[in-house]
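Heads up, the thing below is written out as structure tokens.
Below, each value reflects all heavy atoms present in this structure, side chains not excepted, and no hydrogens, waters or symmetry copies.
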Amino acid sequence: MTIRVLVVDDQAIVRDGLVTVLSLVPDLQVVGQAADGAQAIAAVERHTPDVVLMDLRMPGVDGPTATARIVAEHPGVAVLVLTTYADDDSIVTALRAGARGYLTKDAGRTEIATAVRAVASGQSTFDATVGARLVARLAGGAAAGAGSAALAGADPAPSLGARFPELTPREVDVLERIADGRTNPQIAAELFLTVPTVKSYVNQVFAKLGVRTRAEAVARVLR
């Protein structure tokens, strides 16, 4: 299946580069470009992409605002953030807006293509830097870096089990791995479970947290 992609970035040279790179991937098709959030919202209406590759900081309507609009109006469209910024505020804002994945512009063609496929299939995906910050937050450890109060805070965060007492210990294990960007097969291998069993746990976690997607689950963790 060909995945239809909309590229959103306020820098023309970046957009052109991404279009060129993605055009070399056989199962990806770039169906449009946008230079800001307002154009992105209109382009989604016009082109009906499967995935929006979204920059965050743009003039006019920024990436998080556009993401929230797109997710609300087109729930079948997945937003994958591709940005220069990996600070805690940017990560939290993007995930709360409804982004399913978060990459920095250090990512190469293979990593971007893999992430596009992941979010198109309903998975969440994060690059190593973002994943490390999420792990630090979930572990309730010290701040993941300077200015990381938005994720970890000045004091150690309570454990997920304490924050979500409605979850069983095994469901907490699954939620931690969802937030770290693990797929169901990866979770199954790490917890010595079958993939159908993991799927069942994931559904139970979603039901108890009142969320529908992995990205929503991560955003709930970060509140």
Can you name the nearest heavy-atom pair linking [X] to [Y], along with the distance?
| X | Y | answer |
| --- | --- | --- |
| Phe206 | Arg214 | CZ-N, 3.6 Å |
| Thr48 | Glu45 | CG2-O, 4.2 Å |
| Arg177 | Ile187 | CB-CG1, 3.7 Å |
| Thr67 | Gly98 | CG2-C, 4.0 Å |
| Val81 | Ala99 | CG2-CB, 3.8 Å |
| Tyr102 | Ile91 | CE1-CA, 3.6 Å |

Ignoring hydrogens and angles, tell me if any N or O in the side chain of [X] forms a donor-acceptor pair with the backbone of [Y] under 3.5 Å.
| X | Y | answer |
| --- | --- | --- |
| His47 | Gly32 | no |
| Thr93 | Ser90 | no |
| Lys208 | Glu166 | yes |
| Gln39 | Ala35 | yes |

Pair Thr194, Thr197: side-chain N/O donor-acceptor within cut-off below 3.5 Å:
yes
Let me see the working for Val44 and Val77 under side-chain contact (heavy atoms from CB on, under 4.5 Å), right down to the final yes or no.
CA-CA 8 Å; Val44 168; Val77 177; 4.2 Å; yes
CZ of Arg46: more than 12 outside heavy atoms within 6.0 angstrom?
yes
Are any non-hydrogen side-chain atoms of [X] and [Y] less than 4.5 angstrom apart?
| X | Y | answer |
| --- | --- | --- |
| Glu171 | Val174 | no |
| Asp10 | Arg15 | no |
| Ile112 | Leu103 | yes |
| Phe164 | Val205 | no |
| Ile178 | Ser124 | no |

In terms of hydrophobic clusters joined by side-chain contacts under 4.5 Å, are [X] and [Y] together?
| X | Y | result |
| --- | --- | --- |
| Val61 | Leu53 | no |
| Val21 | Ile13 | no |
| Ile70 | Val51 | no |
| Val30 | Leu6 | no |

Can Asp50 and Arg117 be counted as an ion pair, charged N to O under 4.0 angstrom?
no
NZ/NE/NH1/NH2 to OD/OE distance under 4.0 Å, Asp62 and Arg57:
no
